[in-house]
Every structure is written in C-alpha cells, then in structure tokens.
Amino acid sequence: MNQVRVRFAPSPTGYLHIGGVRTALFNWLFARHEKGVFILRIEDTDRARSTPEAIQAILDGMKWVGLGWDEGPIYQTDCLAIYKEQADRLLAEGKAYLCYCTEEELDARRKEALARKELPKYDGRCRRRSGAAPAGVSPVTRFVSPQDGQTIVHDLIKGDVTFDNAQLDDLVIVRSNGVPTYNFGVVVDDARMAITHVIRGDDHLNNTPRQILLYRALGYEPPQFGHLSMILGMDKVKLSKRHGATSVLEYQEAGYLPEALTNYLVRLGWSHGDQEVFSSQEMIEKFSLENITRSPAAFNPEKLLWLNGHYLKTGDTKRVAELLLPFLRKRGVLDGGAQPDSAWLEKLVVALRERAQTLVEMADKAAPFFQESVIMDQEAAKKFLTAAVRPAFARLVAVLEQTSVFEHDALEQGFKSVLAETGLSMGKLAQPVRVALTGTTVSPGIFDVMALLGRERTLARLKKAIDLMG
RNA sequence: GGUCCCAUCGUCUAGCUUGGCCUAGGACGGUGCCCUCUCAAGGCAUAAACACGGGUUCAAAUCCCGUUGGGACCA
C-alpha cells in the first residue's frame, strides 16, 4: 500500500477551535501511526472572512498542542491558477459548463420549485444553452452532475452511505469572480497532494458524494473517507462560544497543559479499552480508525480539568516550573524581570501541584511565597492568631532560630518539640502557624511552607503574628 | 421542508462486527468512609444507563423493522 498522506485543512475565518484540534489530532495520530505524512493546508479562498490574524492563530495553536506538520502550510490562494486550469479542463471535456443565470433568477426559480414542493435545485438550463453569451453577466462554472444512479461513500467510520444522484444538482465549481468553491478546491487539492485518507468532521459527509463525482470527472481515484462526529457542548448542542472557551489558545492562557488537552480530546470519540491516560507515544501506537465512535460527544470541562491536574502532578517538575513562570508574571506574583532560583521554584511546584488543576491556580497559590510580607486574611487572623497560642509561637521562634538546616525534616523535629513542651496538638499549632506564614488557612504542608519561605521570612512572619496577638 | 448521520450511567466510553462469558465494566463528576496540620492528593465503598415499541431466536445492549429524540448539510 502507498504511503498514507493526510491533511488538516482549516479555514482561517476565526481562531482554531477545539473541534478543529481534535480533527487535526486524529489526522496527525493516523499519520504518525501509519508512518505517513501530515499536511497542513489553509483554505483561505473566502477572502472576505479570512484574516492573517486567524492564520497566525491556527499556526500558533497547532504548535502549542504539538501537532507538527510535515508539509505546508499550503495556502489555497496561492493555487488559484491550478483551480482555473482544472476547471478549464472540465469545461473543454464537456464535464462542466458556464452558467449565466443571475442570483435573482435562481432565487425566483428556487421559490417556485419550493411552492410546487419540488427539490429547489438548479434546473440545469445553462447546460443546454446555445447561442451567444448574454452580455454583461460574468458566468459561474457548473459541474455536470449525473442525474441518475447512486453514489456510495465507503466511509471508514460511518460505513457505507448511499446517496441518490438525483438529489445532487449541478454545483458551482468556480464563482463568477474566478474563485473556486469549497467543494472544488478541496477535491483539486486533495487530488494533487495525493491525499490517501480524508479524515474530517461529519458536517462534510453530505458533500462527499459530490466530491467523489468530481474526483472521477477529473480522472482521479477518490481517497478513503472517514467522517468524525461533532463535539457538542454539555447541553448537547454544537460546541460554541457560549459554552465557554472554544479556542485552543484560550486553554493555554487558562493554564492548561497541551498534553492534557490532547489526551482529553483523543478520548472524545476514540477509545482503547478502559485506558484513560495516554502519553503521546501511546496515542500514536494505539490509535486506529476502527476504534472511533460514530456518535457525537459532549465536551466535559471537568474531565479535562482532572486530566490537567493529573499531568501537573506527574509531569516533569522542571518543565512545569518553566511553564509556570509566565503565569506568575501575569498574575503579578513575580516581577517582570525577576528570575527565581530554579531549584527553589521546582520545590515550590512540588509543594503546590497536588493542589492545583491549572497553572493559573498554581500561580495564585504561589503568591505567599513571593511576597515580602503576607497579605493577611483578617478573619483567619482573628480566629487563629489568638493570645492563647502566643507562648507556643514564642517557643517556636526560639527553636527555629536554633535550627541549623532549614529543611522539612529538621523543621518537623523542631516543631514537634514545641508541641511536646506546650502540650498542644498538631492541629492546634499548625493552623495558626499556617495563617501567620501564608495569611490564609489553606496551604501546602506546614514544614514545606517553612522550608520554602526560608528562615528569615518564616521568623519575621511568626514574630509579626505574635505582635498581632495583642 | 428534503437528504444524511447518530442513540449504553449526568458526561466520556467498554461491550455490538462473530447473539449466551452483561446480575452491563472503566473513567470524570456526585455521595459516604478512611488517611490527615488546612486544602488537596490518595485509598476504599456506593448510587447511576442498554431511548421506546414490535419482531427474529431456546437466548438480544448486541440482528431486523418501526417510532421518538438529537445533530449535520442543503434550501
């Protein structure tokens, strides 16, 4: 069998959305699994709606999620001459014709047909037109579509889907301004790029019979098709902006890890037994078109969050620490130019990652470790920084001043000696200390907090708390 | 309106091809318990589904037909 060649072909009319990423991911996985080629093609023939910003957003999004392409990006607007050439060929072979019907005429006829309860398709009258071309009308090019028989799509995911050719009309392949229509551009490109498998959303399933007919008319063997079901929102309606973030880059900004997003997305419509967590290597090894579900899937943000938390916990600490930096800066936790000690930052990540599901959350929780002095939660202070614990605090300060290594185990030992002396339980002392050190009632383990803060800040904060006790 | 697609716990899904191993499994979320210096994380347990109606068959989540519901495309 020939080498697999697949493509992802977004229109740059907006950001790269989640559904698009999943389509791209499945194509990419298939290509990698089959040791084939993954091509990126930008379908920018809709010039009114395509923007350079959108193109950039697509490229950035693809890079962020780690879907590298082997060929491209190829822009359709660079290929206009090729579509024209192919359309001219069809014209010359009598497989296409020029149509001079105006928008108004077509509209009127459509309404008439509807009134007669007939199919409102083009009646093909310009097919039979003879004589001179009407003046002042720039024609569109229409494809001569067979009116009998059936076209069967042997879909890799949906199975065989049969369409009556009588349903299809003579579709426009080139507009009056010379720009190819979507269906024509796709076919010409997929054919000349020797695409072997077209894996795309099932919103294109209905276009497929027309495309197969076009392939044949152009003298190409159609590729294999695989139509993926759509991703829906939790309310079972097609995923859109009102469901929250739908652009990949929004997920980046919200503190998600790309591997969490791809892992989440791969399980939306595909499975490998009961396995939920896949490294990208595993995905490539195990991916197959046979295990794709036919039914549409609802996007569940909570499961994505869980996976993100999982990857935050299990990911390489050095990498997580690096990824965290921009979030610390953005949250104003860290000054723009400041560069924290990397070993220390990794320790902070280890302490925080059990309790954060996103990098944004982690950056928030990191705040007390960067501030010179704590921002005290007044209610917590009132409740925990009472005169009753002052003697214990005083003892703790004395002990900590003597502690030679300011690290977890030594700190625990010192802390516990204070408990033994004062007769306080762990909880009775740890919670006030937590408030004194972080300003809040929630934090990593208290010994980790002290170690992370270091001797100086720990002692300063404890002393300040003693003052607050009045 | 026409054409096409889809239908298992709230959600993602396994099982459906080749009916019996399904008193329907896993995961997220929920609930409860354990662990515990807080919050998490973790562990254990638990509730929760074969859309409906007909067939076929000794036997159907699995095969067939219909209904209903959802979605897409075209208009």
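None of the values given here were measured: they were computed from a predicted structure. Just the heavy atoms: all of them, side chains too, but no hydrogens, waters or symmetry mates, feed the values below. Numbered from 1 within each chain, the chains take letters A, B, ... in sequence-line order.
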Determine the Euclidean distance between corresponding [atom1] atoms of [M] and [N]; express it in Å to zero decimal places.
N: B:C22; M: B:C64; atom1: P; answer: 24 Å
N: B:G10; M: B:A51; atom1: C1'; answer: 15 Å
N: B:C21; M: B:A61; atom1: P; answer: 9 Å
N: B:C9; M: B:G15; atom1: P; answer: 16 Å
N: B:C44; M: B:A7; atom1: C1'; answer: 35 Å
N: B:A72; M: B:G55; atom1: P; answer: 35 Å

Sugar-phosphate only, base, or nothing, as touched by A:Phe163 at under 4.0 Å among non-hydrogen atoms: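 Here A:Phe163 touches the backbone only, sparing every base.
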
Touch class at under 4.0 angstrom, heavy-atom based, for A:Gly201 against every strand present: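 No contact at all - A:Gly201 keeps every heavy atom at 4.0 Å or more from the nucleic acid.
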
Which nucleotide sits closest to the side chain of [X]: [options]?
X: A:Gln167; options: B:G2, B:C6, B:C73; answer: B:G2
X: A:Ser271; options: B:C12, B:A14, B:C4; answer: B:A14
X: A:Asn206; options: B:G2, B:C73, B:C5; answer: B:C73
X: A:Val442; options: B:U38, B:C5, B:G26; answer: B:U38
X: A:Asn300; options: B:A27, B:G10, B:C5; answer: B:G10
X: A:Ser295; options: B:U38, B:G25, B:C6; answer: B:C6

Classify the side-chain pair [X]/[Y] by whether it contains a donor and acceptor separated by less than 3.5 Å.
X: A:Gln357; Y: A:Asn308; value: no
X: A:Lys286; Y: A:Gln275; value: yes
X: A:Thr151; Y: A:Arg216; value: no

Between [X] ([atom1]) and [N] ([atom2]), how many Å, whole number?
X: A:Met230; N: B:A7; atom1: CE; atom2: C1'; answer: 17 Å
X: A:Arg267; N: B:C12; atom1: CZ; atom2: P; answer: 11 Å
X: A:Asp155; N: B:U17; atom1: CG; atom2: P; answer: 20 Å
X: A:Arg200; N: B:A72; atom1: CZ; atom2: P; answer: 17 Å
X: A:His310; N: B:G29; atom1: NE2; atom2: P; answer: 13 Å
X: A:Leu156; N: B:C5; atom1: CG; atom2: C1'; answer: 16 Å
X: A:Asp202; N: B:U3; atom1: CG; atom2: C1'; answer: 14 Å
X: A:Gln150; N: B:C4; atom1: CD; atom2: C1'; answer: 13 Å

Could you check which nucleotide pairs with [N] in any of the strands shown, counting Watson-Crick or G-U wobble with both distances under 3.5 Å?
N: B:U17; result: none
N: B:G2; result: B:C73
N: B:U62; result: none
N: B:U67; result: B:A51
N: B:G32; result: B:C44

For residues 288-297 of chain A, dump all side-chain donor-acceptor pairs below 3.5 Å to protein atoms at least two apart in sequence or in another chain.
from: A:Ser288; atom 1: OG; to: A:Asn291; atom 2: ND2; distance (Å): 3.1
from: A:Thr293; atom 1: OG1; to: A:Gly269; atom 2: O; distance (Å): 3.1

Please produce a list of atom pairs where a protein N or O lies less than 3.5 Å from an N or O of nucleotides 40-45 of chain B.
from: B:A40; atom 1: O2'; to: A:Glu354; atom 2: O; distance (Å): 2.5
from: B:A41; atom 1: O4'; to: A:Glu354; atom 2: O; distance (Å): 3.4
from: B:A41; atom 1: O2'; to: A:Glu354; atom 2: OE1; distance (Å): 2.9

Those residues that, when tested against A:Arg32, pass salt bridge (charged side-chain N to carboxylate O under 4.0 Å, His left out) (two or more places apart):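 Listed in chain order: A:Asp70.
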
Contacts of type salt bridge (charged side-chain N to carboxylate O under 4.0 Å, His left out), residue A:Arg434, not counting sequence neighbours: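 For A:Arg434 there are no salt bridge (charged side-chain N to carboxylate O under 4.0 Å, His left out) partners, ignoring immediate neighbours.
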
Closest-nucleotide ordering on RNA chain B, the 5'-leading residue of A:Gly273 and A:Leu205: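 So the residue in question is A:Leu205.
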
Residues in side-chain hydrogen bond (donor to acceptor under 3.5 Å, both in side chains) contact with A:His310, at least two apart in sequence or another chain: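 Partners of A:His310 under the side-chain hydrogen bond (donor to acceptor under 3.5 Å, both in side chains) test: none.
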
Pairs under 3.5 angstrom, nitrogen or oxygen only, protein versus nucleotides 33-37 of chain B, please.
from: B:C37; atom 1: O2; to: A:Arg434; atom 2: NH1; distance (Å): 3.4
from: B:C37; atom 1: O2; to: A:Arg434; atom 2: NH2; distance (Å): 2.6
from: B:C37; atom 1: N3; to: A:Ile446; atom 2: N; distance (Å): 3.2

Partners meeting side chain to side chain contact (heavy atoms under 4.5 Å, CB included) with A:Ser280 (sequence neighbours left out):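 Applying side chain to side chain contact (heavy atoms under 4.5 Å, CB included) to A:Ser280 gives none.
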
Side chain A:Glu276 and base B:G26 donor-acceptor under 3.5 Å: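 Result: at least one qualifying N/O pair found.
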
Pairwise salt bridge (charged side-chain N to carboxylate O under 4.0 Å, His left out) hits with a residue in residues 310-321 of chain A, at least two apart: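 For residues 310-321 of chain A: A:Glu259-A:Arg319.
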
Test: A:Arg22 cationic atom under 6.0 Å from A:Phe26 six-membered ring centre, within 45° of axis: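 Relative to the ring axis of A:Phe26, which defines the angle, A:Arg22 lies inside both limits.
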
Geometric class of the A:His272/A:Phe278 ring pair [parallel <30°, tilted 30-60°, perpendicular >60°]: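 Rings of A:Phe278 and A:His272: perpendicular, as their planes differ by over 60°.
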
Pairwise ring-ring contact (aromatic ring centres under 6.0 Å, His included) hits with a residue in residues 440-463 of chain A, at least two apart: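 Passing the test, one end in residues 440-463 of chain A: A:His408-A:Phe447, A:Phe415-A:Phe447.
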
